[in-house]
> 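The structure's right below; bear with me while I get my questions together.
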There are 2 protein chains.
Amino acid sequence: MSLADFLLSLIPLDTEELEDILSHFEKEDIPKNTMLIAEGEISKRLYFTESGMGRSYYLKKDGKEITQWFFGSGKFMSSVDSFFQQSPSFYYLETLEDSVVFSITKEKLDQLFSNYQKMEQLGRLVSIEMLTKVVNKLNAIQFQTAKERYEYMLEEFPDISYRVALGHIASYLGMTQETLSRIRR
Amino acid sequence: MSLADFLLSLIPLDTEELEDILSHFEKEDIPKNTMLIAEGEISKRLYFTESGMGRSYYLKKDGKEITQWFFGSGKFMSSVDSFFQQSPSFYYLETLEDSVVFSITKEKLDQLFSNYQKMEQLGRLVSIEMLTKVVNKLNAIQFQTAKERYEYMLEEFPDISYRVALGHIASYLGMTQETLSRIRR
DNA sequence: AACAGTTTTTGATTTATGTCAAAGGAATAG
DNA sequence: CTATTCCTTTGACATAAATCAAAAACTGTT
């Protein structure tokens, strides 16, 4: 999904406004397995995924990677708190496939927020959508068996299950790779 | 924390604006154990908690209550998706203590959003703060032992642990009451 | 103060999932 | 095309936490 289509699906914009807003973003082609943000860095850019796939993850004390979220086409990805608070990121962000993204800096986004009330509104709508999804995942994780969690994932993100490595999905769902492998069989 | 203080802590407002914004809210005294929203209802109001405490919860298929979130002083409470999408609520919302709240309808809030860009901004900031907290909880729940989860709770919400029934906290943390009781000892 | 109801604690047992280890498959690079 | 590395599956065993059950400690009400 293109950024223009995404914007228009949430807020009405005339051609001029749309052009101006898009001009604040930069298109980038990013190869798979590229790190966009590392732990401890301050996230400089927010990325809109036009095509491809990314994930955020963090490292547990024992060094294990825990996938925190997957970002597919039509989604914004970033280390949310790091980008908005300009604080060191707790997460890594990387592409899992060759991706086309539109990125924007915090300064430019703030310009958009102050120039367009509609962009504030968009920010609010996107945040609430994300909040709802995270809450859904939390409920799924918190009181369901490993099998039910995998079924939740198949429903909520059907494409991810075959595009992404098993280990990434397992940690996303809060279980080991071995358990997920047994469930799938 | 009063609603006025809360607003001013996030966005600058002159006296007139503040007065006007506050006039859209209604103050209510709500006794403890009052149900504000039941499952299946469409949430009519968003509540700002000035004092007291509330929680949202849902029922599993087996009838067990799962606490989804606690709302203390200075927080907005509602069934987020139900209120903003005006869809049937998946959650119950109830007070756990006598509470003073300021409530607002969706129509009035939308008026505020369109009259004041600053209110859109506030909506965005509040959503992102909530998103960050939910993500933190998710991380805590997903890969920590029951004991570590309880410790996370003591840090993040120190007051809740002694104001709220054990069973409510246990389900919030994704464990049984018995387990939490053993951890506490 | 005593009762009824609720909430918390304690004990014994079961179970889902984690851990460790190794083998089998698939992907990537030279 | 072959070798190296990475990813997935399978097996045996360990363990944290759930379940079931009952006793003990609170709480509020008459």
Side-chain angles (χ1 to χ4, degrees), chain A residues 31-35 52-53 55 57 59-67 70 92 94-98 137-154 159-185, chain B residues 31-35 52-53 55 57 59-67 70 92 94-98 137-154 159-185:
Chain A
K32 74 187 289 189
N33 299 325
T34 304
M35 186 159 298
M53 167 85 71
R55 70 159 182 152
Y57 66 96
L59 299 181
K60 283 210 297 179
K61 297 132 258 167
D62 63 11
K64 276 191 193 146
E65 293 183 1
I66 307 298
T67 298
F70 293 108
Y92 294 82
E94 68 175 13
T95 51
L96 296 175
E97 302 177 352
D98 295 343
K137 179 184 167 186
L138 182 57
N139 291 334
I141 292 284
Q142 192 164 9
F143 274 97
Q144 298 195 308
T145 62
K147 189 173 180 184
E148 288 168 327
R149 277 179 264 164
Y150 181 62
E151 283 160 359
Y152 143 83
M153 164 121 193
L154 286 181
D159 47 334
I160 288 175
S161 48
Y162 62 85
R163 283 166 69 185
V164 168
L166 189 85
H168 293 160
I169 297 175
S171 73
Y172 175 80
L173 290 176
M175 64 184 75
T176 62
Q177 185 168 284
E178 293 93 330
T179 298
L180 181 54
S181 173
R182 288 181 176 114
I183 285 168
R184 271 226 283 223
R185 172 232 45 203
Chain B
K32 73 187 289 188
N33 299 325
T34 305
M35 184 159 301
M53 169 83 72
R55 70 159 181 149
Y57 66 95
L59 299 181
K60 284 212 293 180
K61 298 134 257 165
D62 64 9
K64 275 188 193 149
E65 292 183 2
I66 307 297
T67 299
F70 293 109
Y92 294 81
E94 68 174 13
T95 52
L96 296 174
E97 302 177 350
D98 295 342
K137 181 185 167 186
L138 182 56
N139 291 333
I141 292 283
Q142 191 164 9
F143 276 95
Q144 299 194 307
T145 62
K147 190 173 182 183
E148 288 168 328
R149 276 178 265 163
Y150 182 61
E151 282 158 2
Y152 142 82
M153 166 121 192
L154 287 181
D159 47 333
I160 288 177
S161 48
Y162 61 85
R163 284 164 71 183
V164 168
L166 187 85
H168 292 163
I169 296 176
S171 74
Y172 176 80
L173 291 175
M175 65 185 75
T176 62
Q177 183 168 288
E178 292 93 327
T179 298
L180 181 55
S181 172
R182 289 182 175 112
I183 285 167
R184 272 227 282 226
R185 171 228 48 198

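Numbered from 1 within each chain, the chains take letters A, B, ... in sequence-line order.
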> Can you tell me how far the CG atom of L180(A) sits from the OH atom of Y172(A), to the nearest 0.5 Å?
13.0 Å

> CZ of F143(B) versus P of dA16(D): gap in Å, rounded?
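Value for this atom pair: 17 Å.
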
> Apply side chain to side chain contact (heavy atoms under 4.5 Å, CB included) to N33(A) and list each qualifying residue two or more places apart in sequence or on a separate chain.
none

> Go through dT17(C), dC7(D), dT9(C) for me and flag the one nearest to the R149(A) side chain.
dT17(C)

> Do nucleotides 19-30 of chain C as a string where each nucleotide becomes B, S or -: B if the base has a protein heavy atom under 4.0 Å, S if just the sugar-phosphate does, - if no protein is that close.
BBB------S--

> Could you state the atom-to-atom distance from CD of Q142(A) to C1' of dA18(D) in whole Å?
15 Å

> Is it true that a side-chain atom of T67(B) and a backbone atom of S171(B) form a donor plus acceptor pair closer than 3.5 Å?
no

> For Y92(B) and Y57(B), take the angle between the two ring planes, folded into 0 to 90°, and tell me which bin it lands in: parallel under 30, tilted 30 to 60, perpendicular over 60.
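Rings of Y92(B) and Y57(B): parallel, under 30°.
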
> What is the distance, rounded to the nearest whole Å, between atom CD of Q177(B) and atom P of dT7(C)?
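Checked: the CD to P distance equals 8 Å.
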
> Find the distance R184(A):CZ to dT9(D):P and express it as a whole number of Å.
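It works out to 6 Å between those atoms.
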
> Grab the CG-C1' distance between L166(B) and dA24(D) for me, whole Å please.
15 Å

> Please tell me which of the listed nucleotides, dT10(C), dA17(D), dT9(D), lies nearest to the side chain of S181(B)?
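The listed nucleotide nearest to S181(B)'s side chain is dT10(C).
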
> For K147(A) and dA16(C), what is the distance between atoms NZ and P respectively, to the nearest whole Å?
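The answer, rounded to whole Å, is 11 Å.
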
> Would you please name every residue forming a side chain to side chain donor-acceptor pair (under 3.5 Å) with E178(B), sequence neighbours left out?
none

> To the nearest angstrom, how far is I66(A) atom CD1 from dG18(C) atom C1'?
13 Å

> Round to a whole Å and report the spacing from CD1 of I141(A) to C1' of dT17(C).
14 Å

> To the closest 0.5 Å, what do you measure between NZ (K32(B)) and CE (M53(B))?
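Between K32(B) NZ and M53(B) CE, I get 11.5 Å after rounding to 0.5 Å.
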
